[in-house]
There are 4 protein chains.
Amino acid sequence: MSLRIAFAGLGIMGTAMVKNLLAAGFDVAVTNRTADKAGPLVAAGAAFAATPAEAAAGRDVLVLMLTGPEACDAVLFGPGGAVAGPGQGLGPGGVVVNMSTVPASYNTALAARLAARGATLVDAPVSGSKKPAEEGTLVILAGGPQEVVERLTPMFLAMGKKVVRCGETGAGSVMKVSVNVLLGTMLAGFAEMLRLGEAGGLDRRTMLDVVLAGPMANDLLRMKEPLFENDAYPAQFPAKHMAKDVKFAVDAAYETGAAAPCAHMLVQLYRRTVALGLGDDDFAAVIRAL
Amino acid sequence: MSLRIAFAGLGIMGTAMVKNLLAAGFDVAVTNRTADKAGPLVAAGAAFAATPAEAAAGRDVLVLMLTGPEACDAVLFGPGGAVAGPGQGLGPGGVVVNMSTVPASYNTALAARLAARGATLVDAPVSGSKKPAEEGTLVILAGGPQEVVERLTPMFLAMGKKVVRCGETGAGSVMKVSVNVLLGTMLAGFAEMLRLGEAGGLDRRTMLDVVLAGPMANDLLRMKEPLFENDAYPAQFPAKHMAKDVKFAVDAAYETGAAAPCAHMLVQLYRRTVALGLGDDDFAAVIRAL
Amino acid sequence: MSLRIAFAGLGIMGTAMVKNLLAAGFDVAVTNRTADKAGPLVAAGAAFAATPAEAAAGRDVLVLMLTGPEACDAVLFGPGGAVAGPGQGLGPGGVVVNMSTVPASYNTALAARLAARGATLVDAPVSGSKKPAEEGTLVILAGGPQEVVERLTPMFLAMGKKVVRCGETGAGSVMKVSVNVLLGTMLAGFAEMLRLGEAGGLDRRTMLDVVLAGPMANDLLRMKEPLFENDAYPAQFPAKHMAKDVKFAVDAAYETGAAAPCAHMLVQLYRRTVALGLGDDDFAAVIRAL
Amino acid sequence: MSLRIAFAGLGIMGTAMVKNLLAAGFDVAVTNRTADKAGPLVAAGAAFAATPAEAAAGRDVLVLMLTGPEACDAVLFGPGGAVAGPGQGLGPGGVVVNMSTVPASYNTALAARLAARGATLVDAPVSGSKKPAEEGTLVILAGGPQEVVERLTPMFLAMGKKVVRCGETGAGSVMKVSVNVLLGTMLAGFAEMLRLGEAGGLDRRTMLDVVLAGPMANDLLRMKEPLFENDAYPAQFPAKHMAKDVKFAVDAAYETGAAAPCAHMLVQLYRRTVALGLGDDDFAAVIRAL
């Protein structure tokens, strides 16, 4: 029998993900802080619920695709929250799937709070931004009990092309944050290469050609090529989100004692990008902070 | 009429490059600080010369594939040097092609010294290491007068798959150093990602899978995958050379005033890798410095 | 009429501070997670209370000298907490003086929570460590309403030689964290100077002489001189506390967008010092992390 | 018998130093790239020489107080250079005292070149800038043979209050560069502290008071206090010189493999200060680069 899903968080990513869930035939109830975002999804077959509690009532799974820990806390434990009151919202045995990018430490603590209410947490942030979300080609980085992740797999594969079980609850978030350090580093290095070359008299177009013809070429750099060529940075993945993710990495490194020179450099660069008023631009706009 | 070539510097790279020149039918005289390296090349048709002056005498082009500025100075201006004495070595109208990775500022100054002797300098460092050198698939990053670079193109295409004219003399070196900052950054970011993930409990193999299935996958990371998987780092491109190249980048950034947070981080990381006794390992061994 | 004081947190600092309060004639009730620390203070005239609620009951001021936000939360709002229950603990109109080093953002939020219970928060971290605490020569960095800080001044001057009102509640913590960035930077620079000199063949003793005879000499460096000379680092101010304080600075810089290259460097260096097992050594042991 | 001195380099520092030599009764011949700087010194008793060779002829000691290696090379080995031709300039047994701040590696190599001409090199950079130079209170950081340094001591004490023999030739420069890393770090930390505090709402004046009343107060910070208070940075020690000195430190650390996170941070900060057009301001203007 197919999973019955509640979904909270209808931003760019969440909206695209719900569309794919509906297209795959799932029964989905959506809820959002601002109701108007739900319109097109209701037209496509979603149920609308005014509160998380109402959305989650009688459902198997509650998916969170929210901006951070505060929003997760509000949807779960705030007024009208999905697990806020006894006898309403998500029932015992329910599964919360946190697809928001939050610190692993938050998810670990959240798992304990939910366990006390009989619910299981799977953390499942995604690799990929707007376009893969729309095309259903996200990579789902899941952390949680093996059998629960397996039960959720059909749902995940409606939203993405691949599910990687990274370990127990929290492991998905560790993976996401670690991978985003590489992502942020690649673009910072690309931007610095362009700046160093330009300072030495090179033409940006020639540099793009050299890199994209060589062993460092990949889909990421190809996707960013027109942004650097046009020196205009419409958001594919906003700089402010990258700033937040690399801050999570710095925080995690402080906890574990891991060396993190890249993450420390990145958090300064992307935070400066945001401070320059470019937080809603693509994270490639980091070149402006150099 | 085909170019007559003198070639100085028979390390791993130089030897492979001469082989490809010979295979393409070029007349090549080789010289090297230690003569025994020349044996296999002589067997393959190269002439051997005891000194750079002798090698360059009557030749159109002198190619340098050496370890740094000091070695270049010695081959050109030292005892028995290719342009050291009047009436011997490289004749007027000769072209020196410096394929060594050296600072752009060195090449710029060298061009002036050679011009005073009637010779032209083209700087042409390569993108690619041992394997592309052997397979003749290097990318040649050339700086120099347009018509000279064009005249050299058949020679370059015997050693590589592509020639990019980056600008006037020195521009090839700016390109090389800039591109190597991206190269060094990518691997440092990859290594840090692995360390952060491992500190958070993730399995290295799973992380490699996630990255290599996504938009950041490229030939570079695929080439380094077995090194990280086996945690053993036989040199494809030695850490000590990366350390040197990113030091050049730091020096260039100081001269131009360009921001270079990546290069500054890299020079510390790769220098520490060398200090740990890993200078002859692949630059992926930077993970040991984290 | 003299203030009646409750004091929570009998570590090295807290114990010394209470002794000075008693010596100045204040009526003090002490409480601590582990009761045995209280013995000498009770012998010196302090009352002992088993819980924060009991300690604070009927007192004007509750002073916190604790290890961090969690400990503050526990003492105030946990079981037996000083403001946990109605009709017990600190009465309406009471003042909480948080002398612990915590993020300014924590104190700002705490002020609001306490205001809701009719209590006022003054944050008042101290500049100076063990010896100034014992000698009553701390500098008190106070944030809070002018008239409240004035009312507390006699109490502060029993523990310190100077009170600086830095601004409204939270300002004391901003000052402390900012000043500690300078403190951490000075010692990191001192340590790096020694390392650079030694790598270049200099004698450490000669370097100490040069610096201590010049315009950079100060009480801090004079205090650390014997530690560096003997290459042994008994704690005056433990490295783990410095690590925590500079992490607060990094977090604050992320919030405000202030540039913080020193703080980012420091958090890596002092965290590495802790990871090397030197967290309980003096923060001068950062030289071992270089 | 008193040393007969030639002195090259009549900048702010050099001029003040020659005045003190003359005041102490030394016989001094001065030379400078631009002759007009010599006027006041000639009025005070110095001889003027059109070339370094002429200045050094028949003298015991040639003091260099120049801007860098290029200037030193020119004065010594260029046209009209002090040791350029046989039978003129500094005679055999002469001593060159290099008080310029240059890399230790330059001085080491220079010592060998001079030894080949029968001259001895002592490197003797100074700690202290304009005011101590005028007041004769510099600290002389000397590297060279013990007996030569002793012979020079009366001359040094005419210019400074203290001579520290740091080791053999080159050691003075290692000391200078190492100490300047501490100097640059202290001010960068001071500036960052002010910025962090201001971002958190603190008043700059209050911060200055707190630091200058505590254990970090020293002559350096007292000297910079009015600059930060007025947010105007007339040069005591120009930012461009600090940028150069910390670049020397980065270069030396690369050679020796010493860890140098402070120096790497500093070279970026002070180079950016120069790039902002503030190179001739005091190095306290680094606050503008934050």
Side-chain angles (χ1 to χ4, degrees), chain C residues 104 127-128 132 139 141 162 164 166-168 170-171 174-175 177-179 181-186 188-190 192-203 206-207 209-211 213-221 223 249 252-253 256-263 265 268-269 289-290, chain D residues 104 127-128 132 139 141 162 164 166-168 170-171 174-175 177-179 181-186 188-190 192-203 206-207 209-211 213-221 223 249 252-253 256-263 265 268-269 289-290:
Chain C
S127 179
V139 175
L141 306 169
K162 188 173 174 173
V164 181
C166 302
E168 297 304 320
V174 173
M175 182 68 85
V177 163
S178 301
V179 167
V181 166
L182 178 56
L183 187 65
T185 304
M186 274 195 178
F190 197 48
E192 182 167 319
M193 179 203 72
L194 295 176
R195 282 285 188 243
L196 288 173
E198 290 174 333
L202 299 186
D203 177 63
T206 309
M207 281 186 276
D209 287 343
V210 167
V211 172
M216 294 191 282
N218 58 19
D219 287 346
L220 173 70
L221 299 187
M223 198 158 52
T256 62
C262 292
M265 178 189 69
Q268 294 178 76
L269 284 176
L290 284 172
Chain D
S127 178
V139 175
L141 305 170
K162 186 171 175 174
V164 180
C166 302
E168 298 305 319
V174 173
M175 182 68 86
V177 164
S178 302
V179 168
V181 167
L182 178 56
L183 187 64
T185 305
M186 274 196 179
F190 198 47
E192 181 167 318
M193 178 203 72
L194 295 175
R195 282 285 188 243
L196 288 174
E198 289 175 335
L202 298 186
D203 177 64
T206 309
M207 281 185 276
D209 287 343
V210 166
V211 172
M216 295 191 282
N218 58 18
D219 287 347
L220 173 69
L221 299 187
M223 198 156 55
T256 61
C262 292
M265 178 189 70
Q268 295 178 76
L269 283 176
L290 284 171

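Proteins get letters first, then strands, A, B, ... in listed order; numbering begins at 1 in each.
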Can you see which heavy atom on D/A199 is nearest to which on C/A258, and at what distance? CB-CB, 3.8 Å

Do the side chain of D/N218 and the main chain of C/M216 share a donor and acceptor less than 3.5 angstrom apart? yes

Select, from D/A253, D/G170, D/A171, D/S127, the one with the greatest count of heavy-atom pairs under 4.5 Å involving chain C. D/A171

What do the steps show when you test D/V179 against C/M193 for side-chain contact (heavy atoms from CB on, under 4.5 Å), and what is the final call? CA-CA 6 Å; D/V179 168; C/M193 179 203 72; 4.1 Å; yes

With the side chain counted from C-beta on, respond yes when D/M175 and C/V210 share a heavy-atom pair under 4.5 Å apart, and no when they do not. yes

side-chain contact (heavy atoms from CB on, under 4.5 Å) for D/D209 and C/V164? Distances and angles first, verdict last. CA-CA 9 Å; D/D209 287 343; C/V164 181; over 6 Å; no

Just so I understand: if I count every heavy-atom pair under 4.5 Å between each of D/G189, D/G128, D/G167, D/C262 and chain C, which residue has the most? D/C262

Minimum heavy-atom distance C/K162-D/A213, with the two atoms named: NZ-CB, 3.4 Å

For the atom pair CG (C/L182) and CG (D/L221), what is the distance rounded to the nearest 0.5 Å? 6.5 Å

Whatever's closer than 4.5 Å to a heavy atom in chain D on C/T256 counts as side chain

Going by heavy atoms in the side chains, are D/L194 and C/S178 under 4.5 Å from each other? no

So which of C/T206, C/D203, C/L202, C/D219 has the biggest tally of heavy-atom pairs under 4.5 Å with chain D? C/L202

Side chain / backbone / both / neither for C/A263 at chain D, heavy atoms under 4.5 Å: both

Would C/L196 and D/V177 satisfy side-chain contact (heavy atoms from CB on, under 4.5 Å), going step by step from the backbone distance to the final call? CA-CA 9 Å; C/L196 288 173; D/V177 164; 5.8 Å; no

Is it the side chain or the backbone of C/A260 that comes within 4.5 Å of chain D heavy atoms, both, or neither? both

Per-residue contact mode, C/L141 against chain D (heavy atom under 4.5 angstrom): side chain

Largest heavy-atom contact set with chain D, pairs under 4.5 Å, which of C/G200, C/A249, C/A104: C/G200

Tell me, side chain or backbone of C/A252 under 4.5 Å from chain D's heavy atoms, or both, or neither? neither

